Amino acid sequence: MAQICRLELQTEIKSSPDRIFDIYKNKTSLMPKISPDKLKSIEVLEGDGKSVGSVRLWTYVMGGAVIAKDKIVAIDEEKGSMTFDLIGGEVTNYYKSFKATIEATSEAHTNLVKWSLEYEKANETVPTPQSHLAFLLDVSKEVDAYLLKE
């Protein structure tokens, strides 16, 4: 029986949530410069790359070179969140569905970035995507560090 699973991880950031959200929504072209060891390129395939329905091709390094095609499926400016569906690339070989959401918020005078993954494994031998979640959080920390230097 198919089962949708969920993982979440968050970290404190020093930058304002609005600035973090702005990088992920409007300035993804900067991300390979911000995190060159992890992100090699981000190419917009459909749409403008920053609105719902846009499709992007990410080339990144996680062990080896990996390619992922995502589609932006939701944006909530007030909550500082975006959701991406992975629709192609290596990840889709292991997961029937794979959705990632970033949320940049402030709670009790603490700025946070939270990543959530919703996924369905292709079969029982597929590992839980803890490494993907850690990768996303590490990139967010590098975006935070970059913004602090600006």
Side-chain angles (χ1 to χ4, degrees), residues 4-92 94-95 97-121 127-150:
I4 302 290
C5 300
R6 184 176 175 89
L7 287 175
E8 290 184 356
L9 199 56
Q10 72 179 19
T11 190
E12 188 174 335
I13 54 171
K14 294 189 179 3
S15 303
S16 79
D18 292 342
R19 291 186 72 207
I20 294 277
F21 179 71
D22 184 52
I23 293 283
Y24 278 91
K25 181 179 180 289
N26 299 310
K27 300 175 181 165
T28 53
S29 61
L30 289 176
M31 293 181 75
K33 175 186 171 190
I34 293 169
S35 188
D37 294 343
K38 293 180 181 67
L39 299 171
K40 297 305 175 188
S41 68
I42 302 162
E43 181 183 345
V44 176
L45 301 178
E46 293 176 30
D48 61 8
K50 50 187 161 186
S51 58
V52 171
S54 292
V55 176
R56 303 168 302 179
L57 185 68
W58 297 71
T59 303
Y60 57 100
V61 178
M62 211 173 111
V66 182
I67 292 175
K69 189 190 308 187
D70 76 358
K71 183 175 191 173
I72 300 172
V73 294
I75 298 171
D76 187 328
E77 299 269 352
E78 278 187 33
K79 286 185 177 180
S81 73
M82 289 183 73
T83 301
F84 322 90
D85 251 340
L86 267 65
I87 59 172
E90 281 87 351
V91 172
T92 58
Y94 304 100
Y95 301 93
S97 65
F98 196 96
K99 188 179 290 191
T101 300
I102 183 173
E103 189 174 352
T105 61
S106 193
E107 295 175 17
H109 306 292
T110 302
N111 296 334
L112 301 167
V113 168
K114 178 169 85 173
W115 278 98
S116 305
L117 299 181
E118 286 185 16
Y119 60 93
E120 182 182 348
K121 295 177 181 182
T128 301
Q130 293 283 2
S131 59
H132 293 80
L133 196 56
F135 176 88
L136 293 168
L137 206 62
D138 285 347
V139 171
S140 296
K141 290 176 185 176
E142 291 182 10
V143 170
D144 185 35
Y146 170 84
L147 288 172
L148 292 173
K149 287 188 249 172
E150 272 197 323

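The structure displayed is predicted, hence computed values, not measured ones. Counting begins at 1 with the first residue of the sequence.
- Lys27 contributes atom NZ, which lies 8.0 Å from atom CG of Leu147 (distance to the nearest 0.5 angstrom).
- To the nearest 0.5 Å, the span separating CG on Leu117 from CG on Leu133 amounts to 4.5 Å.
- One distance of note links CG of Leu136 with CD1 of Ile102; it measures 8.0 Å at 0.5 Å rounding.
- Here the closest heavy-atom approach between residue Lys71 and residue Ile87 is recorded as CB-CD1, 4.1 Å.
- Here the closest non-hydrogen pair linking Pro127 and Tyr95 is O-OH, 2.6 Å.
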Stepwise, does the side-chain contact (heavy atoms from CB on, under 4.5 Å) test hold for Met62 with Ser131? CA-CA 9 Å; Met62 211 173 111; Ser131 59; 3.4 Å; yes
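- Atom CG of Leu137 and atom CG of Leu9 lie 4.5 Å apart (nearest 0.5 Å).
- Shortest non-hydrogen contact noted between Ile4 and Ser97 is CD1-OG, 3.8 Å.
- Open room surrounds NZ on Lys69; 12 or fewer heavy atoms of other groups in view lie less than 6.0 Å from it.
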List the steps and the verdict of side-chain contact (heavy atoms from CB on, under 4.5 Å) for Ser116 and Lys114. CA-CA 7 Å; Ser116 305; Lys114 178 169 85 173; 4.2 Å; yes
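- A tilted orientation is assigned to the rings of Phe135 and Tyr60, their planes being inclined by 30° to 60°.
- Under the 3.5 Å distance criterion, the side-chain polar atoms of Ser54 are left unmatched by any main-chain donor or acceptor of Gly47.
- In plain terms, the two heavy atoms of Ile13 and Leu112 that are nearest each other are CG1-N, 3.8 Å.
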List the steps and the verdict of side-chain contact (heavy atoms from CB on, under 4.5 Å) for Ser15 and Leu148. CA-CA 6 Å; Ser15 303; Leu148 292 173; 3.8 Å; yes
Would Phe21 and Asp76 satisfy side-chain contact (heavy atoms from CB on, under 4.5 Å), going step by step from the backbone distance to the final call? CA-CA 10 Å; Phe21 179 71; Asp76 187 328; over 6 Å; no
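- Taking every heavy atom of both residues into account, Ser106 and Pro17 meet most closely at N-CG, 4.0 Å.
- Between Asp144 and Lys14, none of the side-chain N atoms (NZ, or NE/NH1/NH2) sits under 4.0 Å from a carboxylate O, so this pair counts as no salt bridge.
- With hydrogens and angles ignored, the 3.5 Å screen pairs a side-chain donor or acceptor of Glu90 with a backbone N or O of Ile67.
- Shown are Ile20, Asn26, Asp22; of these, the side chain to side chain contact (heavy atoms under 4.5 Å, CB included) with Tyr24 is made only by Ile20.
- At a threshold of 4.0 Å, the pair Lys25-Glu77 counts as salt-bridged, since one of the basic side-chain nitrogens sits closer than that to a carboxylate oxygen.
- Taking CD from Glu43 and OG from Ser29, the interatomic distance works out to 13.0 Å, rounded to the nearest 0.5 Å.
- Closest approach of Leu30 and Ile23 over heavy atoms only: CD1-CD1, 4.1 Å.
- Heavy-atom contacts from other residues, nucleotides or ligands closer than 6.0 Å to NZ of Lys50 number 12 or fewer.
- For His132 and Phe98, the ring centers are positioned less than 6.0 Å apart.
- Taking OH from Tyr119 and OG1 from Thr128, the interatomic distance works out to 4.0 Å, rounded to the nearest 0.5 Å.
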